[in-house]
Protein chains: 2
Amino acid sequence: MINVAIVDDHKILTEGLRSLIAESTIATVVGVAHSAAECRLSLGFWKPDVLLLDVGLPDISGLDFCKEIKEQFPEISVLALTTHNEYAIVRQMLDNGASGYLIKNAMADEVMAGIEAVAAGETFLCHEVDLLMKRPAEKNIWLSPRERELLLLISEGLTNTEIAEQIFLSPETIRGYRKNLLLKLGAKNTAVLVKMAIEQKLI
Amino acid sequence: MINVAIVDDHKILTEGLRSLIAESTIATVVGVAHSAAECRLSLGFWKPDVLLLDVGLPDISGLDFCKEIKEQFPEISVLALTTHNEYAIVRQMLDNGASGYLIKNAMADEVMAGIEAVAAGETFLCHEVDLLMKRPAEKNIWLSPRERELLLLISEGLTNTEIAEQIFLSPETIRGYRKNLLLKLGAKNTAVLVKMAIEQKLI
DNA sequence: CGGCCTTACCCCCAAAAGGGGGTTTTTATT
DNA sequence: AATAAAAACCCCCTTTTGGGGGTAAGGCCG
């Protein structure tokens with residue numbers, strides 16, 4: 001029997017999952033939390049094999065929480081269960097130690113297949129996410145940490161000069177990064193750049 | 001017995017709702033659809049009293065779909081059930097004829113209370129949304145249709161001149177709108193304007 | 001019928017962004 | 001040790017934006 005814990009703030013969804021897993025013969029729910037804080041308190045006690053983790057938690061980012069869990073409990077397999085099917089989110093989640101990724105509109109049988117696979121130490125991506133990760137590279141934009149930092153500052157409305165002062169670089173360097181970001185994302189100007197950054201969850 | 005239909009692409013969530021309602025004594029589920037298209041085919045046949053409607057449908061916006069339903073079946077009470085708790089979305093949903101608004105992290109008992117209230121012809125807002133709607137006016141920004149149109153074009157990266165050509169106005173007029181949008185949203189520049197527009201779901 | 005909001009228009013000028021072309025150094029990864 | 005990528009820097013010039021001022025017609029509502 002696979003021990004499963006769930007962290008998601010959508011109470012209706014956790015109830016749905018709970019009964020779905022309860023009806024199966026391969027897994028059992030050992031705990032449910034509705035926030036990262038609540039989960040931290042009980043995780044050591046629950047000792048799950050698999051943790052179903054939502055990215056959009058109310059208190060901290062699921063990305064950071066996944067990292068935290070894998071550091072403290074490397075033996076737990078994290079299976080992300082979210083509404084996002086953006087490349088940047090999936091990639092960061094896997095980089096942070098997640099073993100699998102399901103999107104919430106997946107079928108019930110994909111959830112069970114995912115639980116079984118990650119419990120056995122395999123990596124599991126649901127169909128839609130699998131397709132996403134295999135897309136041609138030019139559609140799956142990936143930025144360096146510095147580029148993401150700059151993108152964030154730009155989206156906060158700082159000018160090149162202000163950014164330069166804040167991170168102790170030359171304004172000309174910032175211009176260079178900005179031009180490169182426009183090029184990489186194929187954006188016409190800052191308005192589109194910010195829109196794409198948010199849509200693709202790059203910031 | 002209240003007849004309830006559900007439209008939501010998150011299959012796990014619809015299953016959770018189905019069992020939640022099935023366990024109650026006041027309502028029964030007469031149908032479930034996972035897209036607007038699927039719902040259109042069956043709605044006349046199901047004849048529900050209450051329709052639980054997700055805003056984030058895969059095919060069309062739940063906002064438009066709500067309007068469509070209320071035009072064709074004004075006797076059905078629409079209860080929005082979504083992840084968004086942005087003023088602009090709630091307001092448009094209610095303007096389009098919805099009788100109530102629940103966010104997905106609401107408790108199970110709020111869902112049942114909502115179904116009961118809207119079936120009785122009342123308006124129902126879950127606790128969090130109720131607080132949101134009662135906030136001071138300056139926090140709940142509302143734009144005229146023209147302003148929203150301009151905001152959309154700006155976020156698509158069009159310059160003042162390009163917008164002027166597209167909607168047959170003087171570039172100076174566009175400048176005026178742009179300045180006013182910056183003022184209304186309290187944005188420093190276009191980057192922040194676009195970010196706020198997306199975050200507050202104004203476009 | 002007098003506000004008030006929306007829509008639409010205009011000028012001046014400074015600041016910022018964008019298009020084009022480059023160079024160098026450090027840091028991974030093979 | 002070779003190479004690739006990231007990070008940092010520079011100049012010229014044009015277009016676009018933003019800050020500051022305005023004006024005025026038409027609709028809505030109490």
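In what follows, chains are A, B, ... by sequence order, proteins preceding strands, each numbered from 1. Values below: all heavy atoms of this structure, side chains included; hydrogens, waters and symmetry mates excluded.
Residue B:Arg175 places none of its side-chain N or O atoms closer than 4.0 Å to OP1 or OP2 of D:dT17. Taking 4.0 angstrom as the limit, B:Ser170 places a side-chain polar atom (N or O) nearer than this to OP1 or OP2 of C:dC10. Put simply, B:Asn160 has a side-chain N or O that comes within less than 4.0 Å of OP1 or OP2 on D:dT17. A sub-4.0 Å separation between OP1 or OP2 of D:dT15 and a side-chain N or O of B:Thr161 is absent. Between B:Ser144 and C:dT7, a side-chain N or O to OP1/OP2 separation shorter than 4.0 Å is present.
Using a 4.0 Å heavy-atom criterion, one finds that A:Thr173 contacts the bases of the nucleic acid, with or without backbone contacts as well.
With rounding to whole Å, B:Arg178 atom CZ is found 17 Å from D:dG20 atom C1'. One can place CG of A:Asn180 at 18 Å from P of D:dC10, the figure rounded to the nearest angstrom. As rounded to whole Å, 19 Å separates atom P of D:dT17 from atom CG of A:Leu158. C:dC10 atom P lies 10 Å from atom CG of B:Leu169, rounded to whole Å.
Counting distance only, with no hydrogens placed and no angle test, the side-chain atoms of B:Lys179 and the base atoms of D:dG20 include a donor-acceptor pair under 3.5 Å.
Looking at A:Tyr101 and A:Thr123, their side chains never bring a donor and an acceptor atom within 3.5 Å of each other. Checked by atom type, the side-chain pair A:Arg178/A:Thr190 shows a donor-acceptor distance below 3.5 Å. Judged by distance alone, the side chains of B:Asn160 and B:Arg175 never bring a donor and an acceptor atom under 3.5 Å apart.
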